[in-house]
Amino acid sequence: MISSIRLKPLTWHPYIAPVELSEATSEQLDAMKVTPSAKKVSEYVRTLVHDPESYVARTVLFNAIMYVDGGLARPDRELGALGASLVNGCTFCAVTHARRHAELTKSNDLVTALYCDRPDTLGARDTAIYRFARRLSGTPSQATEDDIASLRSVGMDDVEIIDLIHAISIFGWANRLMHVLGHADSGK
Amino acid sequence: MIDAMDKIAGLSPDDVVFKARRFRPEFVEGAEMCRLSVLTPAAGLGLEAALRIALAQRIAALNGDQILIADYGTQLSALEPAVQLLALAQGATDLDEPLAAIARHVDMVTLTPSKAAASDISRLTEAGLNNPQIVALSELIAFVNFQTRVATGLRLMRSA
């Protein structure tokens, strides 16, 4: 029996200077949806808003993929995000989405299994999702038609599989921002 | 109507996967808005369209995505790119600065993002990139890595 792992949240720090609110353009302020009087906007947001166009487009898409109603269950999207983040080595995203999976399922079992390198102890559905997430995250992708067949065999329909593809792929994006533009630690 | 993602995924309106994809108009429209924001933004921040498309072709090649390589190759040809940008698109490493530094960064972030470090960002700064350009480059690299995975997944669904 593996003892349960509960991950502590990490704090992200950028390698480049974030945009200061006092120096932000009107387009940047609009992208951040803040007024100059606002005090607290995360360093992550202020770093990415150096390019306000891509910041807005990506944020809208990211929120749809992770939070839109219906289709793939939220914990399954988090598992896709976690699988991608582990392959891509983004500690910050992995911990963030592992914690969210644990909150949504009210269980640390899956996170414990993955952080103890025991994916063999996962159930059939989690195994199919996690395996596909890892294989699609390779460069080049290692995913095959067999992976799709595995997802269908555990009862996933086309809409759910499309949701999963997007959850995994958007972390092929997010990981390449968070782990490249900054680093994470357990400090404040 | 067929969009850029359908095109590279090989989906036509009578495909089951094409229809299933439309269950999520947020994803369809969102991915297209993202594509425009990194490839042909209103404000280029000093990174010209031909450079962006050349880099996208290079990233498609690192991902072994033949359809995406051809798609970006066609887009690049239409812009009549300089010799250096053509070489960049085709994976060359013996390039002038700042293209050499950019190419090195693109390859590392695409192939081994886990190895990224603070020194990699310093190299871009030393090559003359400013902070908005570093962020715009990061978003472009990350987008193409997203795009090829969505297309790969949709192609597998269609053939499975």
Side-chain angles (χ1 to χ4, degrees), chain A residues 15-19 27 47-58 60-65 68 70-71 84 87-90 132 136-137 139-141 143-149 152 157-159 161-166 168-177 179-183, chain B residues 16-17 19-21 23-24 26-27 29-38 41-43 45 62-65 105 108-118 120-122 125 130-143 145-150 152-154 156-157 159-160:
Chain A
Y15 293 137
I16 63 172
V19 172
E27 188 185 5
T47 300
L48 276 302
V49 87
H50 272 298
D51 181 2
E53 281 182 69
S54 64
Y55 171 79
V56 171
R58 177 179 41 74
V60 168
L61 177 60
F62 181 94
N63 289 341
I65 289 172
V68 71
V87 168
N88 293 324
C90 185
F132 181 57
L136 188 62
S137 298
T139 308
S141 162
T144 65
E145 291 164 12
D146 288 345
D147 294 310
I148 301 294
R152 286 180 175 149
D157 64 22
D158 280 358
V159 167
I161 294 172
I162 289 175
D163 284 353
L164 178 60
I165 288 168
H166 282 80
I168 296 164
S169 301
I170 198 72
F171 278 82
W173 187 332
N175 296 157
R176 285 180 172 84
L177 297 178
H179 194 67
V180 172
L181 291 172
H183 65 103
Chain B
V16 173
V17 178
K19 288 172 187 144
R21 187 172 173 244
F23 182 77
R24 294 296 193 202
E26 307 92 332
F27 298 4
E29 290 157 22
E32 179 62 9
M33 292 303 290
C34 286
R35 188 179 71 86
L36 297 173
S37 79
V38 297
L45 303 172
L62 293 170
N63 277 283
D65 189 332
H105 189 74
M108 182 277 293
V109 174
T110 297
L111 293 172
T112 52
S114 61
K115 292 188 179 163
D120 295 304
I121 297 299
S122 305
T125 305
N130 59 33
N131 287 345
Q133 289 171 336
I134 289 171
V135 171
L137 176 64
S138 301
E139 296 273 14
L140 171 65
I141 298 167
F143 167 78
N145 278 288
F146 161 84
Q147 183 186 34
T148 183
R149 282 176 180 76
V150 174
T152 297
L154 294 172
L156 290 173
M157 286 183 74
S159 56

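Numbers restart at 1 for each chain; the letters A, B, ... are given by sequence-line order, proteins then strands. Computed from heavy atoms alone, side chains included, the values below leave out hydrogens, waters and symmetry copies.
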| query | Just by distance, do the side chain of B/R149 and the backbone of A/L136 share a donor-acceptor pair under 3.5 Å? | reply | yes
| Say you draw a straight line from CH2 of A/W173 to CD of B/E139; how long is it, rounded to the nearest 0.5 Å? | 6.0 Å
| Contacting region of B/V38 [heavy-atom separation from chain A under 4.5 Å] | side chain
| message | Counting heavy-atom pairs under 4.5 Å with chain B, which one of A/C90, A/G182, A/G70 comes out on top? | response | A/G70
| remark: Scanning both residues in full, the closest heavy-atom pair of B/M157 with A/I161 reads SD-CG2, 3.8 Å
| said: Could you walk me through whether B/L156 and A/I165 satisfy the side-chain contact (heavy atoms from CB on, under 4.5 Å) test, starting with their C-alpha distance in whole Å, then the side-chain angles of each, then the deciding distance to 0.1 Å, before giving a yes or no? | reply: CA-CA 11 Å; B/L156 290 173; A/I165 288 168; over 6 Å; no
| remark: To the nearest 0.5 Å, atom OG1 of B/T152 lies from atom CD1 of A/I168 at 11.5 Å
| Given a strict heavy-atom distance threshold of 4.5 Å, which part of A/A84 is in contact with chain B: side chain, backbone, both, or neither? | neither
| query | Side chain, backbone, both or neither: which part of B/L111 has a heavy atom under 4.5 Å from chain A? | reply | both
| field | Segment of B/L154 engaging chain A (4.5 angstrom heavy-atom cut-off) | value | both
| note | Closest non-hydrogen atoms of B/E26 and A/L61, given as atom of the first, atom of the second and distance, are O-CD1, 4.0 Å
| task | Report yes if the side chains of A/L181 and B/S138 come closer than 4.5 Å at any heavy-atom pair, otherwise no. | result | yes
| message | Taking atom CE as the centre, does B/M108 end up with more than 12 heavy-atom neighbours from other residues, nucleotides or ligands that are less than 6.0 angstrom away? | response | yes
| Distance (rounded to the nearest 0.5 Å) between A/I170 CD1 and B/F27 CZ | 9.5 Å
| query | When only pairs under 4.5 Å are counted, which of A/E27, A/E53, A/R58, A/R152 shares the most heavy-atom pairs with chain B? | reply | A/E53
| query | Do you know which of B/T125, B/L140, B/L62, B/D120 has the most heavy-atom pairs with chain A at a distance under 4.5 angstrom? | reply | B/L62
| How long is the gap from OG on A/S137 to CG on B/N145, to the nearest 0.5 Å? | 10.0 Å
| Structural part of B/N131 lying under 4.5 Å from a heavy atom of chain A | both
| Exercise: identify the closest heavy-atom pair between A/P140 and B/G64 | CG-N, 4.2 Å
| Closest heavy-atom contact between A/G89 and B/S114? | CA-CB, 3.7 Å
| Side-chain heavy atoms of A/D158 within contact of B/V16, under 4.5 Å | yes
| request: Please look at A/V60 and chain B and tell me whether the side chain, the backbone, both or neither of the residue comes under 4.5 angstrom of a heavy atom of that chain. | output: neither
| message | For the CG atom of A/N175 and the CZ atom of B/F146, what is their distance to the nearest 0.5 Å? | response | 13.0 Å
| query | Which region of B/A117, side chain (C-beta onward) or backbone (N, CA, C, O), has a non-hydrogen atom less than 4.5 Å from a non-hydrogen atom of chain A, or is it both or neither? | reply | backbone
| remark: Heavy-atom nearest pair, B/G153 first then A/I148, reads O-CD1, 4.3 Å
| request: Could you pull out the closest heavy-atom pair between B/S37 and A/S54, with the gap in Å? | output: OG-CA, 3.4 Å
| request: Under 4.5 Å heavy-atom distance to chain A, tell me which part of B/R21 shows up: side chain, backbone, both or neither. | output: both
| Could you give the distance from NZ (B/K115) to NE2 (A/H179), rounded to the nearest 0.5 Å? | 11.0 Å
| said: Let's test your reading of the structure: which of B/A20, B/G30, B/A42, B/A118 forms the most heavy-atom pairs below 4.5 Å with chain A? | reply: B/A118
| query | With respect to chain B, which residue among A/A64, A/A149, A/A17, A/A174 yields the maximal number of heavy-atom pairs within a distance under 4.5 Å? | reply | A/A64
| said: Do A/V180 and B/I121 have side chains that approach each other closer than 4.5 Å (heavy atoms only, starting at C-beta)? | reply: yes
| message | Given heavy-atom pairs under 4.5 angstrom as the criterion, report whether the side chain, backbone, both or neither of A/D163 touches chain B. | response | both
